[in-house]
Amino acid sequence: MNIRGIAVSIIVAGLINTCAYGQSPAPTPPTEIKKWDVWIGDWDLSGTAKDTPTGPEYKVNWHLHEHWILNGFFVQVDQTWQSNGQELHSMEILSYDPVKKVHTVSGFSGDGWTWALTATFNKTTTTEEGAANGPDGAIVTSRTDWQFSSDGTALSGTQQSEQNGIRWTAFTVKGAKSK
């Protein structure tokens, strides 16, 4: 074997070794993301809601299906909001930003609304705060306080919203985890 053949053999062996042993371990989700675990499952909630400060109050049934996605780095929430004979579908992505050390919610609704929230956790409560943007340019800020039962199978929540300096209770719901 000539020098060139030996050099090629060494390079090939080095490349194979690098490919087989030089790979980094797969990244793992930050442990803080597990705080969203309390939400995983199917939730059936009902109560009352009001879309604007002067709008009528109405009854609502709300179904949430929450599951881990993308190797446990995110939670996907598929939602159905039923009221007044109408059905509205929405989706949220729940995440944790390890650099900013903040839990986030990014939401998208079938009526064109989007929202961005931050969440904090304290034992059996979750608080979400942020703003929603309507397709017409409307901006509504909100704070939602969620309270879980000690066993994590029941839930109640109230959202306070504000638009143009006027505050109102946007919804009050209670329900249970069905799966």
Side-chain angles (χ1 to χ4, degrees), residues 25-51 57-111 113-133 140-163 167-179:
T28 58
T31 56
E32 192 72 13
I33 189 75
K34 285 298 184 185
K35 287 188 176 178
W36 287 114
D37 227 5
V38 67
W39 286 95
I40 299 302
D42 289 346
W43 293 90
D44 291 312
L45 308 173
S46 61
T48 59
K50 194 173 177 180
D51 295 333
E57 185 175 89
Y58 57 89
K59 293 193 180 301
V60 64
N61 290 308
W62 192 4
H63 177 77
L64 303 124
H65 172 69
E66 309 204 20
H67 58 281
W68 291 103
I69 61 169
L70 302 173
N71 299 319
F73 282 91
F74 305 93
V75 173
Q76 180 175 326
V77 184
D78 299 306
Q79 305 178 37
T80 305
W81 178 276
Q82 296 173 320
S83 62
N84 300 325
Q86 303 278 339
E87 191 170 273
L88 180 64
H89 295 274
S90 302
M91 183 179 76
E92 291 179 327
I93 300 297
L94 315 178
S95 62
Y96 178 72
D97 183 331
V99 174
K100 294 180 181 175
K101 298 189 182 325
V102 64
H103 293 271
T104 61
V105 177
S106 299
F108 313 90
S109 188
D111 61 0
W113 281 83
T114 62
W115 53 96
L117 311 169
T118 58
T120 55
F121 298 85
N122 185 9
K123 298 182 184 175
T124 59
T125 64
T126 301
T127 300
E128 300 171 339
E129 296 182 272
N133 299 302
V140 177
T141 60
S142 66
R143 175 189 168 112
T144 308
D145 293 304
W146 297 103
Q147 178 70 49
F148 291 88
S149 62
S150 58
D151 66 359
T153 62
L155 174 65
S156 62
T158 300
Q159 183 177 85
Q160 299 295 320
S161 293
E162 184 175 324
Q163 184 176 25
R167 293 179 54 93
W168 76 98
T169 300
F171 67 74
T172 301
V173 293
K174 291 182 180 183
K177 188 182 279 193
S178 59
K179 296 198 235 179

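Below, each value reflects all heavy atoms present in this structure, side chains not excepted, and no hydrogens, waters or symmetry copies.
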Exercise. Check the pair F148 / W39 against ring pair (Phe, Tyr, Trp, His ring centres under 6.0 Å), numbers first and verdict last.
Key: CA-CA 10 Å; F148 291 88; W39 286 95; 5.0 Å; yes
Quiz prompt | Nearest heavy-atom neighbours spanning S90 and S109 | solution = OG-OG, 3.0 Å
Practice problem: Mark yes when over 12 heavy atoms from residues, nucleotides or ligands other than N84 sit less than 6.0 Å from its CG; otherwise mark no. | Solution: yes
Quiz prompt | Pair E92, W115: side-chain N/O donor-acceptor within cut-off below 3.5 Å | solution = yes
Quiz item: Do W62 and Q79 have side-chain atoms, one donor and one acceptor, less than 3.5 Å apart?
Solution: yes
Practice problem: Go through the steps for Q76 and I93 under the test side chain to side chain contact (heavy atoms under 4.5 Å, CB included), then give the verdict. | Solution: CA-CA 5 Å; Q76 180 175 326; I93 300 297; 4.2 Å; yes
Self-check item: Where at least one partner belongs to residues 140-155, residue pairs that pass salt bridge (charged side-chain N to carboxylate O under 4.0 Å, His left out), sequence neighbours excluded
Solution: E129-R143, R143-D145
Quiz item: Would T118 and T104 satisfy side chain to side chain donor-acceptor pair (under 3.5 Å), going step by step from the backbone distance to the final call?
Solution: CA-CA 4 Å; T118 58; T104 61; over 6 Å; no
Quiz item: For T126 and A119, which heavy atoms make the closest approach, and how far apart are they?
Solution: CG2-CB, 4.4 Å
Quiz item: Can you name the closest pair of heavy atoms from F108 and S106 and give their distance?
Solution: CE1-O, 3.6 Å
Practice problem: Could you check Q86 against W81 for side chain to side chain contact (heavy atoms under 4.5 Å, CB included), going step by step and ending with a plain yes or no? | Solution: CA-CA 8 Å; Q86 303 278 339; W81 178 276; over 6 Å; no
Quiz item: Looking at W146 and E128, what are the two nearest heavy atoms and their distance?
Solution: NE1-OE1, 3.3 Å
Quiz item: Of all residues at least two apart in sequence or in a different chain, which pass the side-chain contact (heavy atoms from CB on, under 4.5 Å) check with D42?
Solution: H63, H65, S178, K179
Self-check item: side chain to side chain contact (heavy atoms under 4.5 Å, CB included) between V75 and H67, intermediate numbers included
Solution: CA-CA 5 Å; V75 173; H67 58 281; over 6 Å; no
Exercise. To the nearest 0.5 Å, tell me how far Q82 CD sits from E87 CD.
Key: 4.5 Å
Practice problem: Mind listing the closest non-hydrogen atom pair of I33 and W68 along with its distance? | Solution: O-CH2, 3.4 Å
Quiz item: Between K177 and G152, which heavy-atom pair has the shortest distance, and what is it?
Solution: CE-O, 3.8 Å
Quiz prompt | Nearest-0.5 Å distance that lies between atom CG in L45 and atom CG in N61 | solution = 9.5 Å
Quiz item: Who passes side-chain contact (heavy atoms from CB on, under 4.5 Å) against A131, sequence neighbours left out?
Solution: I139, T141
Self-check item: Aromatic ring proximity, centroids under 6.0 angstrom, W36 and F74
Solution: no
Exercise. Compute whether any side-chain donor of one residue and acceptor of the other, for T144 and Q159, lie under 3.5 angstrom apart.
Key: yes
Quiz item: With no hydrogens and no angle check, do the side chains of S161 and S142 hold a donor and an acceptor under 3.5 Å apart?
Solution: no
Quiz item: Between S149 (side chain) and A154 (backbone), is there a donor-acceptor pair under 3.5 Å?
Solution: yes
Practice problem: Supply the atom-to-atom distance L94 CG to L117 CG, rounded to the nearest 0.5 angstrom. | Solution: 9.5 Å
Exercise. For the pair W168 and V140, evaluate side chain to side chain contact (heavy atoms under 4.5 Å, CB included) and give the outcome as yes or no after the intermediate values.
Key: CA-CA 11 Å; W168 76 98; V140 177; 4.0 Å; yes
Quiz item: In terms of side-chain geometry, is the basic nitrogen of E162 or R167 positioned less than 4.0 Å from the acidic oxygen of its partner?
Solution: yes
Practice problem: Sequence neighbours left out, what passes side chain to side chain donor-acceptor pair (under 3.5 Å) with T125? Give chain and number order. | Solution: none
Quiz prompt | Pairs flagged by salt bridge (charged side-chain N to carboxylate O under 4.0 Å, His left out) wherever residues 27-40 is involved - sequence neighbours left out | solution = E32-K35
Exercise. Please list, chain by chain and in numerical order, all residues satisfying side-chain contact (heavy atoms from CB on, under 4.5 Å) with T172, sequence neighbours excluded.
Key: T48, T158, T169
